[in-house]
Undergrad: 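This structure is in structure tokens; I'll ask about it shortly.
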Amino acid sequence: MNVGPWRRTVVALGCAAWMAGPAWAEPAKLSSYNADIRESSISGISSGAYMAVQFGMAWSSVIRGVGAVAGGPYWCAKADASDFFNGYWLPVMTATGACMSGPPPDLSGSFAKADAKAASGEIDSLQFLRRQKIYLFHGFNDAVVARPVTDATAAFYRHYLGETNRGNLYYQTSVGAGHSLVVARDPRADGIKTCAANSGPFINACGYDQAGIVLQYIYGALNPPNRGQLSGTVKRFDQSVYTGPDSTSRLSLGDTGYWFVPRECEAGEACRVHVALHGCRQHAGEINRRFIDETGYNAWADTNRLIVLYPQTTSSSYRPYNPRACWDWWSYVNHEDSYVTRSGAQIRTIKAMLDALTASAVAVTVAAPAQAVAPNRLTVIDTSDTGAALAWAPQAGAAVYRVSRAGADGSFAAVGDVTGPSFADWGLTPRSSYRWRVSALVNGIEGPASEEVAATTRSAPAPCHRPGTCPVGQ
């Protein structure tokens, strides 16, 4: 979000209005569910995107995928204990300058930091990144975070994914969104902003279901979302249970967090957990429960046995200095570089919450089939001007899938192998039609191909040098 001058005094915000409706019980501990922690994922917007990248790096052994909307690369602010000599202001200046308006610092520092932290065991082995599904997004009307910043995030991940796993990264840059989490809702409803807006609540209607695209790119084709009354429940919990030995205020975290749990997960069925991180000025104390209720995650979670965790920050004007209630991606908590590692105070807290939710997981052994069958439910979940994101239902025992592409009338040719039930196809031509099909490999033997799907790529955005005013329609 628009961080602005960091020395400005922030007006205190009331939060009584969001208590309308049935009285809430006092926040309690998180419940535990039959959810495999290795099937967990995380996404976020702006400062939440930076934290999602940090958490996904620190705990790549258990995080299956990362969604980063309008966020930059790992260790972009370059905060370190040595900043004592500049009064710890250099990381703040980098965060609010180069890491937002660009160009970001050279990535060699981010690579060196990630390599060093992995070598020392402070973050998980970087080999786990090769299997992660990475969704990145930059709206071309974003007047807060510049395109070179998110380009650097893509370059950072490509460095560790390598050419072999290039299909695990999807980068959308051809939607005309401002700085926001994007939804498909009517912008006239409930104060949701129009697509190109760059103002609170930073939830914009662009006819683009971002939550659904993120979740399907990470997990494969899902059941359609529940657009009506949800059968699951949003619950509150006491975040101080998970911040120890620190208080919530010491970490600039709110006293209360939230989670959404589908009815089936409450009944003990096997589920998964997705962590959804708001951005600056999106915590419940400022925009009430809008990020929790209106971003679309719960509608998809309700029909797909997904538990959604919504941790909350809070604003702080002194120790730590975080007036916009951002997530800690410049080390405002302790001014050390541990903020990008497993021991980082906010990362440690989110992990404790994730551990609690997944504490009742039941181990399941999946037997590999004797031979592969044709994958089903192949879907084009998104297109950009030069790429397409595909998803399909996962096939038990299939470790690798082969994706083939054809033009509107041409013959099919393999374009890549991928682990997991999604694939990003790149190098396409704007406003062109393509077809795809997918086959599974079991024991090295390729099975029959799926039914084919077709889609047309978007138009390339017209040149525009004033984000926020660029024409949205493509």
Undergrad: Check whether any side-chain heavy atom of K29 sits under 4.5 Å from a side-chain heavy atom of D238, and report yes or no.
TA: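 No, their side chains stay 4.5 Å or more apart.
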Undergrad: To the nearest 0.5 Å, what is the distance between CZ (R324) and OG (S316)?
TA: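 Those atoms lie 14.0 Å apart.
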Undergrad: Rounded to the nearest 0.5 Å, how far apart are CD1 of I42 and CG of L309?
TA: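 Result: 8.5 Å between the selected atoms.
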Undergrad: Does K117 pair with D337 as a salt bridge, N-O distance under 4.0 Å?
TA: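 Looking at K117 and D337, the cut-off is met.
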Undergrad: Mind checking side-chain contact (heavy atoms from CB on, under 4.5 Å) for D246 and listing every partner two or more places apart, or none if nothing turns up?
TA: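 In terms of side-chain contact (heavy atoms from CB on, under 4.5 Å), with neighbours along the sequence ignored, D246 is linked to R250, L251, R348.
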Undergrad: Flag this pair as yes if the NZ/CZ of R272 is under 6.0 angstrom from the six-membered ring centre of Y219 and inside a 45 degree cone about the axis; otherwise no.
TA: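 The answer is yes; both the distance and angle limits are met.
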Undergrad: Hey, could you give me the CG/CG distance between N304 and N223, rounded to the nearest 0.5 Å?
TA: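 Interatomic distance, N304 CG to N223 CG, rounded to 0.5 Å: 4.5 Å.
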Undergrad: Scan for disulfide bond (SG atoms under 2.5 Å apart) pairs involving residues 119-164, sequence neighbours excluded, and state none if there are none.
TA: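 Matches after skipping sequence neighbours: none remain.
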Undergrad: Check whether the side chains of Y160 and D115 place a donor and an acceptor atom closer than 3.5 Å, and report yes or no.
TA: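 Present: a donor and an acceptor within the cut-off.
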Undergrad: Looking just at side-chain N and O atoms, do T248 and D255 make a donor-acceptor pair shorter than 3.5 Å?
TA: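 Yes - a donor-acceptor pair under 3.5 Å links their side chains.
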Undergrad: Among side-chain atoms of D328 and Y339, is any donor-acceptor pair under 3.5 angstrom?
TA: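 Looking only at side-chain atoms, Y339 and D328 do not form any donor-acceptor pair under 3.5 Å.
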Undergrad: State which residues pass side chain to side chain donor-acceptor pair (under 3.5 Å) with S60; sequence neighbours excluded, sorted by chain then number.
TA: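 Expected list: none.
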Undergrad: Indicate, with yes or no, if the rings of Y310 and H278 have centres closer together than 6.0 Å.
TA: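 No.
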Undergrad: Is it true that R305 and E269 make a salt bridge, defined as a side-chain N closer than 4.0 Å to a carboxylate O?
TA: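 Looking at E269 together with R305, the answer is yes, because their closest N to O distance falls below 4.0 Å.
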Undergrad: So with a 6.0 Å cut-off around CZ of R147, is the heavy-atom count from everything else above 12?
TA: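 Above 12, so yes.
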Undergrad: Quick check: do P323 and S315 have side-chain heavy atoms less than 4.5 Å from each other?
TA: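 P323 vs S315: side chains apart.
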Undergrad: Tell me if the aromatic rings of F128 and W59 count as close, with their centers under 6.0 Å from one another.
TA: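 Centroid separation for F128 and W59: 6.0 Å or greater.
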Undergrad: What is the minimum heavy-atom distance between A114 and I123, and which atoms define it?
TA: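 Closest heavy-atom pair between A114 and I123: O-CD1, 3.7 Å.
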Undergrad: Do the charged groups of R227 and D209 touch, with an N to O distance under 4.0 Å?
TA: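 Salt bridge: yes.
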Undergrad: Nearest 0.5 angstrom please: N204 CG to I192 CD1, how far?
TA: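 Rounded to the nearest 0.5 Å, the CG-CD1 separation comes to 8.0 Å.
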Undergrad: Answer with yes or no after comparing the ring centroid distance for W426 and Y170 against a 6.0 Å cut-off, counting only values under it.
TA: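 Yes, ring centres under 6.0 Å apart.
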Undergrad: Pairing donors with acceptors under 3.5 angstrom, does anything connect the side chains of S199 and K193?
TA: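 K193 and S199 do have a side-chain donor-acceptor pair below 3.5 Å.
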Undergrad: Judged by atom type as modelled, is there a donor-acceptor pair below 3.5 Å linking the side chain of R131 to the main-chain atoms of G420?
TA: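 Flag not set: sc R131 to bb G420 has no pair under 3.5 Å.
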Undergrad: Flag the pair N322 / W327 as yes when at least one side-chain heavy-atom distance between them is below 4.5 Å, and no otherwise.
TA: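 A side-chain contact is absent here, since even the closest heavy-atom pair is not under 4.5 Å.
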Undergrad: Checking side-chain polar atoms at under 3.5 Å, does Q346 have a donor or acceptor matched by the opposite partner on Y332?
TA: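 Checked: Q346/Y332 side chains pair up, N/O donor to acceptor below 3.5 Å.
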Undergrad: Mind checking whether V183 and I203 have side chains closer than 4.5 Å, heavy atoms only?
TA: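 V183 reaches I203 side chain to side chain.
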Undergrad: Who pairs with S231 by side chain to side chain donor-acceptor pair (under 3.5 Å), at least two apart in sequence or on another chain?
TA: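 Residues passing side chain to side chain donor-acceptor pair (under 3.5 Å) with S231: D302.
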Undergrad: Please list every donor-acceptor pair under 3.5 Å in which a side-chain atom of residues 65-78 meets a protein atom from a residue at least two apart or in another chain.
TA:
| from | atom 1 | to | atom 2 | distance (Å) |
| --- | --- | --- | --- | --- |
| Y74 | OH | V340 | O | 2.8 |
| W75 | NE1 | A79 | O | 3.1 |

Undergrad: Is there any salt bridge (Lys or Arg N to Asp or Glu O under 4.0 Å) pair reaching into residues 47-68, and which pairs are they, with sequence neighbours excluded?
TA: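 Of all non-adjacent pairs touching residues 47-68, those that pass salt bridge (Lys or Arg N to Asp or Glu O under 4.0 Å) are E39-R64.
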Undergrad: Are Y208 and D382 close enough that a side-chain donor and a side-chain acceptor fall under 3.5 Å?
TA: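 Yes, D382 and Y208 have a side-chain donor paired with an acceptor closer than 3.5 Å.
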Undergrad: Taking 4.0 angstrom as the limit, do E163 and R166 come out as a salt bridge?
TA: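 Result for this pair is yes, salt bridge flagged.
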Undergrad: Find the distance between OG (S43) and CD (Q210) and round it off to the nearest 0.5 Å.
TA: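 Answer for the OG-CD pair, S43 versus Q210, is 8.5 Å.
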Undergrad: In Å and rounded to the nearest 0.5 Å, what is the CG to OG1 distance from D36 to T358?
TA: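 Rounded to the nearest 0.5 Å, the CG-OG1 separation comes out at 8.0 Å.
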